[in-house]
Protein chains: 2
Amino acid sequence: MNDSDRGAGRAARPRRADARRNEKTLLDAAAEVFVASGVDAPVRDIAAKAGVGTATIYRHFPTRADLIIAVYRHQVEACAEAGPALLESGATPYEALQRWIGLFVDFLVTKHGLAAVLRSDEAGFEALHAYFLDRLMPVCTRLLDAAAAAGEIRSDIPALQLMHGVGNLCIGAEHDPDYDARRLAALLIAGLRLPD
Amino acid sequence: MNDSDRGAGRAARPRRADARRNEKTLLDAAAEVFVASGVDAPVRDIAAKAGVGTATIYRHFPTRADLIIAVYRHQVEACAEAGPALLESGATPYEALQRWIGLFVDFLVTKHGLAAVLRSDEAGFEALHAYFLDRLMPVCTRLLDAAAAAGEIRSDIPALQLMHGVGNLCIGAEHDPDYDARRLAALLIAGLRLPD
DNA sequence: TGACGATACGGAACCATGTCCCGTTTAGCA
DNA sequence: TGCTAAACGGGACATGGTTCCGTATCGTCA
């Protein structure tokens with residue numbers, strides 16, 4: 001799945017060195033620009049920061065979603081791996097769920113505009129959508145199932161819908177110091193709670 | 001506050017008849033286009049539907065927010081007035097709150113993209129923001145206070161933040177039949193609940 | 001009723017941004 | 001060192017918001 005697959009067996013010829021270099025440069029530049037101007041910063045800005053032409057971006061990352069995925073892949077993976085770890089950390093499943101949602105929220109609100117674009121219906125963001133869901137929904141499902149099995153929460157809310165909801169709650173949090181996405185997300189989870 | 005004020009005392013000269021006619025035409029056209037293409041439909045489309053030039057739109061409604069406000073003013077008013085009515089309808093304050101949030105959600109999800117634009121930070125939407133908050137936040141505050149006074153919910157969540165949260169939950173609901181904004185909002189409100 | 005000034009209008013022009021194309025450059029290999 | 005395919009850069013095009021300016025119309029006053 002990672003990029004070393006490209007030259008697997010050295011049969012298919014590997015990408016040229018300058019292409020690999022440019023991809024790295026682009027990722028770094030995009031990460032910087034995303035922090036400064038949000039994930040929907042103009043393509044030209046990213047290209048300029050990387051010192052390449054705009055076409056080069058499209059060549060490496062056909063859609064903006066591809067670029068965003070590449071930039072944040074590590075952090076999404078970390079979030080996904082935190083789920084099982086939390087479950088096994090000794091707390092109750094409900095506590096694990098709460099903490100994991102906290103991690104998810106923290107990730108989203110620190111990425112300018114990512115939550116908003118995650119919910120966008122514009123063509124070209126399906127890949128982003130799919131990636132997040134593929135990677136994180138199973139984790140969320142497992143946490144929900146565990147908490148439901150322990151009788152801590154109701155079990156009639158699909159993980160997919162819950163994640164959409166939590167993602168939505170994170171929108172705009174970065175501009176508004178009075179808006180506490182984490183707290184609202186916690187409230188949403190609390191709404192799942194069953195009486196002991 | 002309504003437009004008959006413009007000619008109050010007949011001192012300031014009233015707007016020309018064609019201008020008033022165009023404003024009405026524009027509102028009707030905008031309402032139609034908003035339903036068909038969402039509240040961020042191209043200005044040109046609205047102008048074309050109304051059979052006027054684009055500048056005419058800007059003359060009557062300097063920002064898109066002004067147009068949106070004008071189109072939905074009646075419905076927002078109705079929502080605002082429903083709050084006190086629900087409180088006095090005999091149910092518990094918590095039930096009134098739940099139902100009112102339901103009305104708010106129903107309003108938002110049936111307006112293509114309105115929830116999203118409500119949360120947008122782009123300059124020019126402050127007016128929309130301010131209008132919704134000015135009109136609806138006091139209503140929400142009153143419902144929250146009543147439910148808190150009755151000991152039904154916790155009282156440490158500001159109405160403003162709750163409304164932002166509920167508004168966010170409505171984003172994207174129109175495209176996704178599996179996403180039930182109303183239910184998630186109900187869950188959020190349930191999270192406020194105190195044990196009896 | 002006719003003329004005049006203010007108001008309002010329409011559409012073209014301008015700017016920003018995403019996207020694509022094409023002529024040029026360069027890495028990698030023989 | 002020379003060749004070819006990969007990769008590149010920047011300009012061309014499309015879309016949509018915003019503004020400008022010459023023209024048309026309303027409403028009033030003589």
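Just so it is clear: chains get the letters A, B, ... in the order the sequence lines come, proteins before strands, and each one is counted from 1. Values below: every heavy atom of this structure, side chains too, minus hydrogens, waters and symmetry copies.
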Applying a 4.0 Å non-hydrogen cut-off, can you work out what [X] is touching in the nucleic acid: base, sugar-phosphate, or nothing?
| X | value |
| --- | --- |
| B:G51 | sugar-phosphate |
| B:A50 | nothing |
| B:A55 | base |

Taking only side-chain nitrogens and oxygens of [X], does any of them come within less than 4.0 Å of OP1 or OP2 of [N]?
| X | N | value |
| --- | --- | --- |
| B:H60 | C:dA8 | no |
| B:R64 | D:dG17 | yes |
| B:T56 | C:dA8 | no |
| B:N22 | C:dC9 | yes |

What is the distance from [atom1] of [X] to [atom2] of [N], rounded to the nearest Å?
| X | N | atom1 | atom2 | answer |
| --- | --- | --- | --- | --- |
| B:L67 | D:dT18 | CG | C1' | 15 Å |
| A:R21 | C:dA27 | CZ | P | 7 Å |
| B:I68 | D:dG17 | CD1 | P | 12 Å |
| B:R15 | C:dA6 | CZ | C1' | 15 Å |
| B:I46 | C:dG10 | CD1 | P | 15 Å |
| A:Y58 | C:dC22 | OH | C1' | 17 Å |
| B:I57 | D:dT18 | CD1 | C1' | 12 Å |
| B:E122 | C:dT17 | CD | C1' | 13 Å |

Worksheet item: Would you say the side-chain atoms of A:T63 and A:D66 include a donor-acceptor pair closer than 3.5 Å?
Response: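 A:D66 and A:T63 do have a side-chain donor-acceptor pair below 3.5 Å.
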Practice prompt. Taking only the side-chain heavy atoms of A:T54 (C-beta and beyond), determine which of C:dG18, D:dG11, D:dG17 contains the nearest atom.
Written response: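 Of the candidates, D:dG11 comes closest.
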Item to complete: Identify which nucleotide among D:dT19, D:dG9, C:dA27 has an atom closest to any side-chain atom of A:D18, counting heavy atoms from C-beta outward.
Response: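 Selected nucleotide: C:dA27.
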Discussion item. Working note: B:D45 + B:K49, criterion salt bridge (Lys or Arg N to Asp or Glu O under 4.0 Å); need CA distance, chi angles, decisive distance, verdict.
Written reply: CA-CA 6 Å; B:D45 289 2; B:K49 178 75 120 183; over 6 Å; no
Discussion item. With side-chain contact (heavy atoms from CB on, under 4.5 Å) as the test, pick out the partner of A:L169 among B:L169, B:L184, B:V166.
Written reply: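 Of all the options given, the one that passes is B:L169.
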Worksheet item: Considering only heavy atoms and no angle criterion, is a donor-acceptor pair shorter than 3.5 Å present between the side chain of A:R44 and the base of D:dG10?
Response: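 When only heavy-atom distances are counted, A:R44 does not reach the base of D:dG10 through any donor-acceptor pair under 3.5 Å.
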Item to complete: Record whether the side chain of B:R16 comes under 3.5 Å of the base of D:dT25 through a donor-acceptor pair of N or O atoms.
Response: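 Side chain to base: pair present.
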Worksheet item: How are the rings of B:F107 and B:Y72 set relative to one another: parallel (under 30°), tilted (30 to 60°) or perpendicular (over 60°)?
Response: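 Geometry flag for B:Y72 against B:F107: perpendicular rings.
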Discussion item. Tell me if the NZ atom of B:K111 is crowded by more than 12 foreign heavy atoms within 6.0 Å.
Written reply: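 Counting neighbours around NZ of B:K111, more than 12 heavy atoms of other residues, nucleotides or ligands fall under 6.0 Å, so yes.
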Item to complete: Take B:A41 and B:R59, find for each the nucleotide of DNA chain D with the closest heavy atom, and name the residue whose nucleotide sits nearer the 5' end.
Response: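 Closer to the 5' end of DNA chain D: B:A41.
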